[in-house]
Amino acid sequence: MTALPKTLFAPVVDPVKLNPKFEQLRTWPGAEPTRKILDEIFQEFDDPEGNFLEQFQTTGFHSRYFELYLFAYFTRSGFSVDRSLSNPDFLVKRGDVTVAVEATTVNPPTSGVLAKLGKKLSELTEEELLDYQKNELPIRFGSPLYSKLQKRYWELDHCRGIPFVIAIEAFHDEESLAISEFALSQYVYGLQQVGRWASGGKLEVDTTSISEHTVGEKTIPSNFFGQPDAEHISALVFTNSGTNAKFARMGHQYGYGCEVVDITRLGFCFNPQVDAMDPTFFSYNLDEPPLVECWGQGLVVLHNPNCLHPIPRDFFVDAVQGYIEDGVFKSDHPAWHPIASKTLIHYLGDSKKKRLPKPLSQRGCVAVAAISKREFQVVCGFAITDLNPLFEEHGWFTDETYSFLSVVIHDKIDDDWSYVILARDQFFHFRAIETKLSFRSRNRARMQLQLRIAELLSHPQRIFPQEP
């Protein structure tokens, strides 16, 4: 990676003021994928208030990091982004819809009931965890959400008449990133849902109303979306993955640090089975990823049923969509949704560089199979022959993870054969990354493209940035 015009990691304050988490990110060799992808995102990031670097490196590390994550998601997922104004944090547009987005975080309290009585996740029994989710977490979420409500951003000239959204992430505890949207959804809708198996193993969900949440002498009303002025909030956007772990995995997909860092991800994901009450455990190594991770993976959108300016369900792409229907909370999930995960990063240095790639005969299952023209075009978004009428497509292929697409092409003028291999660029659009020309037969071109995709799968890179 060549040197970039600006960086997040050149200290702009006295070293004694640097946040320890920032300093570890800046100096630890194992953070190479994270640093490189963060700096790449930062090149396009505007700082209208002029204090972003100072806060990112000191007291505002988590909140500013969360803003960078949101910016990465928006700019890499098909949104146009305006950060020219200091408030709110983002004006984002996709299609004909413009939405104002303000970011906030849940931070450790310095005074009050939660500072005195608040519990750490690692200390909780099963019973205490249930009470923590029902009472303490809603109070923790409620404080920053209420503060943002008081700002009345919807009254600003550039926010009038458009949807307004609050994006939130929790950083109040070392283990708070293990928190799912469960507690937040209970609080904002004032509903508690408990699953149970009826006869025959059919899952049934009982829904009851929640009026308040209490810790010690502190009580707050439930149903945030039902509070005064909350009709101006179109939705909440929640994630537990706008962190180092997310950027490390995404950087690894871009090919950064793959020769020196080993990354394993494990956790729990949504189980789509109708009668399943429990999530699915997963674990994989990013050197052989079973999927291509997008920036929106892990996002949850909670739509306000009482809002003045609703947002289309498909506006925030790749996210879970939570909403109320017939008085019951429901959610639409992408094909694969992680509920909570842990990312283990090991710096191996030269010892990893010295490893020889495994030959195909010693690697796990690899499949590069033919697909239909229709499936190719649905995934890819276009036809190769649209670019040149002298070409004819004669076969379409992909691997099991849809990381790479390929097509065999017949040149009608030279009467020979070629193949083109495509992969995702930084905006998740499929673009050609390799072309091989002048095969004498279709069969030869087809075999070589399948072998080449198998070779590409032996390296962790799945994102291939190109000039816009």
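Computed from a prediction, not measured in an experiment: that's the story for all the values here.
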task = Say whether R431 and Q466, considering side chains only, have a donor N or O and an acceptor N or O under 3.5 Å apart.
result = yes

message = Checking side-chain polar atoms at under 3.5 Å, does N271 have a donor or acceptor matched by the opposite partner on D278?
response = no

request  = Find out whether I263 and T343 are in side-chain contact, i.e. whether some heavy atom of one side chain is under 4.5 Å from a heavy atom of the other.
outcome  = yes

key: Donor + acceptor pair across side chains of S222, H213 (<3.5 Å)   = yes

ask   = Among side-chain atoms of E259 and H459, is any donor-acceptor pair under 3.5 angstrom?
value = yes

Side-chain heavy atoms of I345 within contact of V261, under 4.5 Å = yes

query = For Y256, which of K36, Q461, E40, E32 qualifies under side-chain hydrogen bond (donor to acceptor under 3.5 Å, both in side chains)?
reply = E40

request  = Report the C-alpha distance between F171 and H62 in whole Å, list the side-chain angles of each, state the deciding distance to 0.1 Å, and finish with yes or no for ring-ring contact (aromatic ring centres under 6.0 Å, His included).
outcome  = CA-CA 7 Å; F171 292 101; H62 288 309; 4.4 Å; yes

ask   = Among side-chain atoms of S63 and E67, is any donor-acceptor pair under 3.5 angstrom?
value = no

message = Ignoring hydrogens and geometry beyond distance, is a side-chain donor-acceptor pair present between D39 and T7 at under 3.5 Å?
response = yes

query = Quick one: are P312 and V97 in side-chain contact, heavy atoms under 4.5 Å?
reply = yes

message = Ignoring hydrogens and geometry beyond distance, is a side-chain donor-acceptor pair present between S80 and R94 at under 3.5 Å?
response = no

task = Find out whether R64 and T59 are in side-chain contact, i.e. whether some heavy atom of one side chain is under 4.5 Å from a heavy atom of the other.
result = no

Geometric class of the F45/F71 ring pair [parallel <30°, tilted 30-60°, perpendicular >60°] = perpendicular

message = I'd like to know if the side chain of T207 pairs up with that of Q193 as donor and acceptor (distance under 3.5 Å, no hydrogens or angles considered).
response = yes

request  = On the 0 to 90° scale, with breaks at 30° and 60°, tag the F22-F61 ring pair as parallel, tilted or perpendicular.
outcome  = perpendicular

ask   = Taking only residues two or more places apart in sequence, or in another chain, which ones meet F247 in a ring-ring contact (aromatic ring centres under 6.0 Å, His included)?
value = Y65, W295

message = Within the structure provided, determine whether P305 and Y323 are in side-chain contact (heavy-atom separation under 4.5 Å).
response = no

note = P144 and T104 have their tightest heavy-atom pair at CB-OG1, 3.5 Å

inquiry  = Measuring only between side-chain heavy atoms, which start at C-beta, is S234 closer than 4.5 Å to N304?
reply    = no

query = For K202, does the NZ atom sit with more than 12 other heavy atoms under 6.0 Å from it, leaving out its own atoms?
reply = no

request  = Tell me, with the steps shown, if R83 and E49 meet salt bridge (charged side-chain N to carboxylate O under 4.0 Å, His left out).
outcome  = CA-CA 10 Å; R83 275 185 53 83; E49 295 177 316; over 6 Å; no

remark   = The side-chain hydrogen bond (donor to acceptor under 3.5 Å, both in side chains) partner of Q321 among H303, R313, H333 is H303

message = Show, in sequence, the C-alpha distance, side-chain angles and deciding distance for Y187 and F141, and conclude whether the ring-ring contact (aromatic ring centres under 6.0 Å, His included) test is met.
response = CA-CA 8 Å; Y187 166 57; F141 279 115; 7.8 Å; no

query = Has Y284 got more than 12 heavy atoms of other residues, nucleotides or ligands less than 6.0 Å from its OH?
reply = yes

ask   = Is any side-chain heavy atom of S341 less than 4.5 Å from a side-chain heavy atom of F282?
value = yes

task = Would you check if H232 and L308 make a side-chain contact, meaning some heavy-atom pair closer than 4.5 Å?
result = yes

task = Only one of R424, R265, R76 passes salt bridge (charged side-chain N to carboxylate O under 4.0 Å, His left out) with E293; say which it is.
result = R265

F79 and F315 aromatic centres sub-6.0 Å = yes

